[in-house]
Amino acid sequence: MTHHPQMPLRCWAEIDLAALERNLNAIQAALPKPIRYIAVVKADAYGHGMQQTVARLMHAGIDMFAVANISEAATIREIGTGWPILVLSASLEEEEPYLFEYDLIQTISTIDEVQRLDTRGAKLRKKLKVHVKIDTGMGRLGVWHENAIELFEAVRKAEWLVLDGVFTHFSVAERDREFTDLQRERFSKTLESIDWLPKEKLLIHADNSAGIDSFAPDSFYNAVRIGLLQFGISPYPKSLFNRVSTSPIFSFKTRIGVVKTLPKGADISYGRTRTLDRDSVVAVLCAGYGDGVPLIISNRGCALIQGKRCPILGRVTMDQTIVDVTDLEIRPKHGDEACLIGSQDGDEIRLEEFSEWAETISWEILCSITKRVSRVYKTSIATA
Ligand SMILES: *Cc1c(COP(=O)(O)O)cnc(C)c1O
């Protein structure tokens, strides 16, 4: 949501676009060349804001964008022209004309899609690029690897479809090397089984952020599809991940609305889930689950104030969250900044840690920071 310039910020996300570019450079440097970089920017660029993120990635020199649907693709087309855009999800029949209109690349899993799109292409007298997806153990989109030949034949016969790429998707790359290797093997065997495939002309890709940790330099892949890692987040707190080091570009901040003293025995917030066991100083923060602070981190998470961890007391509410500031050396003041995700004066709450408190994954937290939270961009020239 764009922020009205006159309104002061009470809960906001800071996004460092120069760090995004540095992360991109670090990932590209860690990959054997020539590998094409497909930047995954679905879901409003993982909550970072499509407009600014995409513009910076265009500037930084990525090769292709990947999105979930045609609306996201149309947004990219409005920002800049020339970049190929892969639609990762299945498109609905009513959406199909836009694939042709915006010159997008559609992911294909079934013969039914091939026939629908080929018929549409014939009607419009326009060709459409497609990437065939192979299901090697994710069980979502893609043709099951043992049934791929028939689908490839259908694509070959479809006059109005142009085969531009082939890909698969890993389900446990961040923690199961053995299963990931099995997926890689199923993928390469499938490609080998189709002797007419013009491999040198195709984009062949499998690796998401977690995948590139097991990316073999001599493999036949010539592209990667990166989302989370370009935003500086490790795919899993206990990842095998060690090939590239990136830094977080996202912080989530708010301010203190009220500071007050409460006696031992006072109850805090809805549901009376917390009773103070000492005389306390509490701060009421200007952010709650209406901003994306998950209810589940009630009595569990903390916020940084003066660079110190201040535990959340009682339930997170829609607009406000109460934290214990009794142990701070200086009593904080109304209006002081509190950091929910990010670093402040020497301590840091990583998104990965925040996600553990919330018993979820980093991807979901980024998608749950709501529209009410203004995104504030830091831009500067990226120095590697
Ligand atoms: C979201 C997505 C990615 C990016 O995954 P990250 O783990 O965020 O790098 C890659 N491929 C597909 C098919 C996806 O849906």
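When reading the values below, keep in mind they use all heavy atoms of this one structure, side chains included, and skip hydrogens, waters and symmetry mates. FYI, the numbering just counts along the sequence from 1. When a ligand or atom number is given, it counts from 1 through the structure's own listing order.
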Rounded to the nearest 0.5 Å, what separates atom CZ in Phe170 from atom CG in Asp207?
5.0 Å
For the atom pair CD1 (Ile296) and OH (Tyr289), what is the distance rounded to the nearest 0.5 Å?
14.5 Å
Heavy-atom side-chain proximity of Leu229 to Ile212 below 4.5 angstrom:
yes
Ring centroids only, cut at 6.0 angstrom: are Phe167 and His205 within range, meaning strictly under it?
yes
Identify whether the distance between the nearest side-chain nitrogen and carboxylate oxygen of Lys42 and Glu72 falls below 4.0 Å.
no
Who's touching ligand 1 if we go heavy atoms under 4.0 Å?
Val40, Lys42, Tyr46, Leu88, Lys133, Arg140, His169, Asn208, Ser209, Arg225, Ile226, Gly227, Leu228, Trp363
Using every non-hydrogen atom in the two residues, find where Ser171 and Phe179 come nearest and quote the distance to one decimal.
OG-CE2, 3.5 Å
